[in-house]
Amino acid sequence: MSRSSLFGRQRPAYRSTSRSPGPAERLAAIFQAVPAAPRLLLLPVVFTLVLAGIVHLLSVLAMPRLAQASAYQRLAPLAPVNTLVLLPQSGETVLPMTDPAFISAVCRYDLRQHPLKVKVPQTGDYTSVSFYTNKGLPFYALNDQAAGRVIELDLLSPAQRAALPEDEEITAADRLIVESPSTTGIVLIRAFARYGDVRDTVRKQLAASSCTSTL
């Protein structure tokens, strides 16, 4: 005869309902186990580590937002909209990671009223034009070697590009059109100065560039 028939229904094995301590409770238990005198010395260390962790987390979360707004806002006191401005000799004070071998010029554009015409003459060496949105995202670039001539183009917003007449003939040889995904942004022009004694000449050549609204 089975055990269950002799003693009735067998009682289930006892299970403890107490839960295992969590990480915070374990840390508190360890802290309580430390003698009182060393505990007073340990408390500032724990507080500093926790505070440093919070500051680090907040800085990591805020970094993308701060980085997105940096270039366009830092250039505001130096470069009025739709105006070409040569950067100082030490461009790193305005734009980080600037190669000192290049002469740079910038133009903060605003297409809300009119399109923008950009014209960059050829210099003695390599010259490039790069376009960025107001969030610092690159969307187009061109150099004088690829253009094969003076770089000349029109920068339009999507609405301005859509408003162009359908029968208007637009070719790469006659009129180069670049569509900006944002109505505001930055044009960065860079010219390579291979030797130190040609920097002044390259700056004068680059100063002949233009970045103006078209009516």
Side-chain angles (χ1 to χ4, degrees), residues 67-157 160-161 169-215:
Q68 287 177 354
S70 60
Y72 195 80
Q73 290 184 351
R74 283 205 306 267
L75 288 171
L78 179 66
V81 293
N82 301 337
T83 303
L84 185 86
V85 175
L86 282 172
L87 291 182
Q89 293 287 352
S90 179
E92 289 192 6
T93 59
V94 181
L95 296 177
M97 308 299 292
T98 302
D99 191 336
F102 282 84
I103 307 297
S104 301
V106 295
C107 174
R108 291 194 320 131
Y109 66 82
D110 189 338
L111 306 175
R112 285 175 288 187
Q113 297 296 327
H114 303 287
L116 192 75
K117 180 174 288 294
V118 179
K119 186 174 182 180
V120 181
Q122 289 181 311
T123 62
D125 215 312
Y126 175 86
T127 307
S128 67
V129 182
S130 303
F131 296 84
Y132 301 84
T133 67
N134 55 5
K135 301 299 184 182
L137 300 177
F139 63 89
Y140 189 79
L142 181 68
N143 60 62
D144 57 346
Q145 297 177 2
R149 54 180 172 80
V150 173
I151 300 176
E152 187 172 1
L153 54 87
D154 293 332
L155 184 66
L156 282 69
S157 67
Q160 293 164 349
R161 179 65 183 269
E169 295 184 359
I170 301 172
T171 64
D174 298 329
R175 186 181 180 192
L176 177 61
I177 287 184
V178 177
E179 182 177 327
S180 171
S182 61
T183 56
T184 58
I186 299 172
V187 181
L188 176 62
I189 305 171
R190 303 167 72 237
F192 182 54
R194 189 176 297 273
Y195 306 106
D197 56 353
V198 301
R199 292 185 65 87
D200 291 340
T201 301
V202 174
R203 286 185 66 87
K204 292 179 181 179
Q205 292 172 335
L206 204 61
S209 304
S210 60
C211 174
T212 55
S213 296
T214 60
L215 300 179

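The residues of the chain are indexed from 1 along the displayed sequence.
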Heavy-atom side-chain contact between [X] and [Y] under 4.5 Å:
| X | Y | value |
| --- | --- | --- |
| Ile189 | Ile151 | no |
| Leu153 | Phe131 | yes |
| Thr127 | Gln122 | no |
| Leu87 | Leu78 | yes |
| Pro121 | Ser209 | yes |

Subject >> Contacts of type ring pair (Phe, Tyr, Trp, His ring centres under 6.0 Å), residue Tyr132, not counting sequence neighbours >> reply: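 For Tyr132, no residue satisfies ring pair (Phe, Tyr, Trp, His ring centres under 6.0 Å) once neighbours in sequence are set aside.
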
[atom1]/[X] to [atom2]/[Y] distance, rounded to the nearest 0.5 angstrom?
| X | Y | atom1 | atom2 | value |
| --- | --- | --- | --- | --- |
| Leu75 | Arg108 | CG | CZ | 7.0 Å |
| Leu155 | Phe139 | CG | CZ | 5.5 Å |
| Thr133 | Tyr109 | OG1 | OH | 6.5 Å |
| Arg112 | Gln160 | CZ | CD | 11.5 Å |

Subject >> Residue that, paired with Leu116, satisfies side chain to side chain contact (heavy atoms under 4.5 Å, CB included) out of Leu111, Val178, Val81, Thr214 >> reply: Leu111

Subject >> Asn82 side chain to Asp110 backbone, donor-acceptor under 3.5 Å >> reply: yes

Original post:
Can you check whether Leu156's main-chain N or O pairs, donor with acceptor, with Arg161's side chain at less than 3.5 Å?
Top reply: no

Checking [X] now: which residues fulfil side chain to side chain contact (heavy atoms under 4.5 Å, CB included) with it, not counting sequence neighbours?
| X | value |
| --- | --- |
| Gln205 | Thr123, Thr201, Val202 |
| Lys119 | Val150, Glu152, Ser210 |
| Ala101 | Asp99, Phe192 |
| Ser128 | Tyr126, Asn143, Arg190 |

**OP:** Measure across Asp144 and Asp125 and return the closest heavy-atom pair with its distance rounded to 0.1 Å.
**Re:** OD2-O, 3.3 Å

**OP:** Any disulfide bond (SG atoms under 2.5 Å apart) involving residues 101-144? Give me the pairs, sequence neighbours left out, ordered by first then second residue.
**Re:**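 Sorted pair list: Cys107-Cys211.
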
